[in-house]
J.: 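Just passing along the structure, written as structure tokens.
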Amino acid sequence: GFFLTVSPDSILKVARHASDNNKIFGLNLSAPFISQFFKEPLMKVLPYVDIIFGNETEAATFAKEQGFETEDISEIAHRVQCLPKVNQKRQRIVVFTQGPEETVATVGDKVKRFPVLDIDQNDILCLMCSTVMSAKLICVMLCIGFLSALVQDQSLEECIRAGHYAAHVIIRRSGCTFPEKPDFR
């Protein structure tokens, strides 16, 4: 999403290429200001987006800017999924994180909620996770885990499970570090 602030024509070119060649194109809403101040380029690229990620604040801001008149994250996910899409060979997937609350995702024509892994607040070591950045960091880490499972042709449910695992690991570590050997199964 941040790329929309510097070169919307470039991202649109990549999005069209992905759609024309039936390649997956994903986008993270990145920050509320993207939906507010870069609405036009965002809405130009959205018809090409196969997977859209965001956190609850970004989803609510997008909904407000689009006149959805709801703050219900599940309803917002469904409405985003139903927005016009160029490549009809694949259905759009919408994934919205909500910090420690359930992740909301579209699965086919349904919206499902996926519980996040429990964590004791005392186990959170990442200093960024105790600030406003925690929602964004959790969403970014979910994207990383999600995409790592997606490239292995895993199901949506498994992609979200991998995303939750990645977020769960990173917030329990200081700085951007990872365990020597992951225990994801």
Side-chain angles (χ1 to χ4, degrees), residues 1-4 24-36 38 42 45-46 49-66 68 70-83 91-108 110-121 123-152 154-173 175-178 182 184:
F2 287 130
F3 208 72
L4 290 168
I24 297 172
F25 184 76
L27 180 76
N28 191 326
L29 289 175
S30 302
F33 78 86
I34 299 293
S35 295
Q36 293 169 312
F38 296 90
L42 174 60
V45 78
L46 195 62
V49 175
D50 296 305
I51 306 171
I52 190 159
F53 297 97
N55 65 36
E56 70 277 22
T57 305
E58 296 157 356
T61 303
F62 181 87
K64 181 179 177 187
E65 293 298 317
Q66 295 303 311
F68 286 177
T70 184
E71 292 181 11
D72 179 87
I73 300 300
S74 294
E75 179 64 23
I76 295 168
H78 175 70
R79 289 190 187 187
V80 171
Q81 182 189 35
C82 292
L83 289 171
Q91 192 170 30
R92 179 178 291 129
I93 297 169
V94 181
V95 181
F96 291 144
T97 61
Q98 301 184 92
E101 303 299 321
E102 297 170 313
T103 295
V104 172
T106 57
V107 181
K110 297 180 180 168
V111 177
K112 289 190 176 182
R113 294 178 166 272
F114 298 88
V116 298
L117 299 171
D118 287 332
I119 186 166
D120 184 323
Q121 293 298 305
D123 289 341
I124 297 176
L125 296 178
C126 177
L127 294 177
M128 285 178 55
C129 292
S130 62
T131 68
V132 133
M133 288 298 294
S134 84
K136 183 75 251 158
L137 182 64
I138 289 169
C139 183
V140 168
M141 292 314 301
L142 180 125
C143 293
I144 291 168
F146 183 102
L147 294 173
S148 71
L150 183 70
V151 299
Q152 297 177 59
Q154 299 295 313
S155 68
L156 176 69
E157 290 80 1
E158 192 65 13
C159 290
I160 289 175
R161 193 172 79 78
H164 283 165
Y165 167 81
H168 191 259
V169 167
I170 198 69
I171 65 175
R172 293 182 9 232
R173 301 183 65 84
C176 190
T177 62
F178 302 93
F184 181 72

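Side chains are part of it too, since the values below use all heavy atoms of this structure and drop only hydrogens, waters and symmetry mates. Treat the numbers as computed from the prediction; the structure is a model and nothing was measured.
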J.: Would the number of heavy atoms belonging to other residues, nucleotides or ligands and lying under 6.0 Å from CD of Gln91 be above 12?
T.: yes

J.: Looking at every heavy atom in both Ala60 and Ile76, which two are closest together, and how far apart are they?
T.: CA-CD1, 4.1 Å

J.: Given Asp50 and Arg92, is the side chain to side chain contact (heavy atoms under 4.5 Å, CB included) satisfied, shown in steps?
T.: CA-CA 4 Å; Asp50 296 305; Arg92 179 178 291 129; over 6 Å; no

J.: Which atom names give the shortest non-hydrogen contact between Asn28 and Glu58, and what distance separates them?
T.: OD1-OE1, 3.9 Å

J.: Where is the tightest heavy-atom contact between Phe38 and Leu4, given as atom of each residue plus distance?
T.: CD2-O, 3.9 Å

J.: List the atom of Arg113, the atom of Pro115, and the distance in Å for their closest heavy-atom pair.
T.: O-CD, 3.9 Å

J.: Backbone N or O of Phe62 within a donor-acceptor pair of the Glu65 side chain at under 3.5 Å?
T.: no

J.: Between Thr106 and Val94, does a side chain to side chain contact (heavy atoms under 4.5 Å, CB included) hold up when you go through it step by step?
T.: CA-CA 5 Å; Thr106 57; Val94 181; 3.9 Å; yes

J.: Do Ile93 and Ile51 touch side chain to side chain, with heavy atoms closer than 4.5 Å?
T.: yes

J.: With sequence neighbours excluded, tell me which residues meet salt bridge (charged side-chain N to carboxylate O under 4.0 Å, His left out) with Glu158.
T.: Arg161

J.: Please list, chain by chain and in numerical order, all residues satisfying ring-ring contact (aromatic ring centres under 6.0 Å, His included) with Phe96, sequence neighbours excluded.
T.: none

J.: Could you work out, with salt bridge (charged side-chain N to carboxylate O under 4.0 Å, His left out) as the rule, every residue matching Glu75, not counting sequence neighbours?
T.: Arg79

J.: Please find the pair of heavy atoms, one from Ile34 and one from Gly1, that lie closest to each other, and give the distance.
T.: CD1-O, 3.5 Å

J.: Between atom CD1 of Ile24 and atom CG of Leu147, what is the distance when rounded to the nearest 0.5 Å?
T.: 9.0 Å

J.: Nearest 0.5 Å please: distance from the CG atom of Leu46 over to the CD atom of Gln66.
T.: 8.0 Å

J.: Who are the side chain to side chain contact (heavy atoms under 4.5 Å, CB included) partners of Glu157, not counting sequence neighbours?
T.: Val107, Lys112, Phe114, Ser155

J.: By side chain to side chain contact (heavy atoms under 4.5 Å, CB included), which residues pair with Ala149, not counting sequence neighbours?
T.: Gln154, Cys159, Ala162

J.: Identify, with sequence neighbours excluded, every residue that meets side-chain hydrogen bond (donor to acceptor under 3.5 Å, both in side chains) alongside Thr61.
T.: none

J.: I need the His78 NE2 to Leu83 CG distance, nearest 0.5 Å.
T.: 10.0 Å

J.: Which heavy atom in His164 sits nearest to a heavy atom in Thr103, and how many Å separate them?
T.: NE2-OG1, 2.6 Å

J.: Is it the case that the side chain of Glu102 and the backbone of Gln98 share a donor-acceptor pair, with hydrogens and angles ignored and the cut-off at 3.5 Å?
T.: no

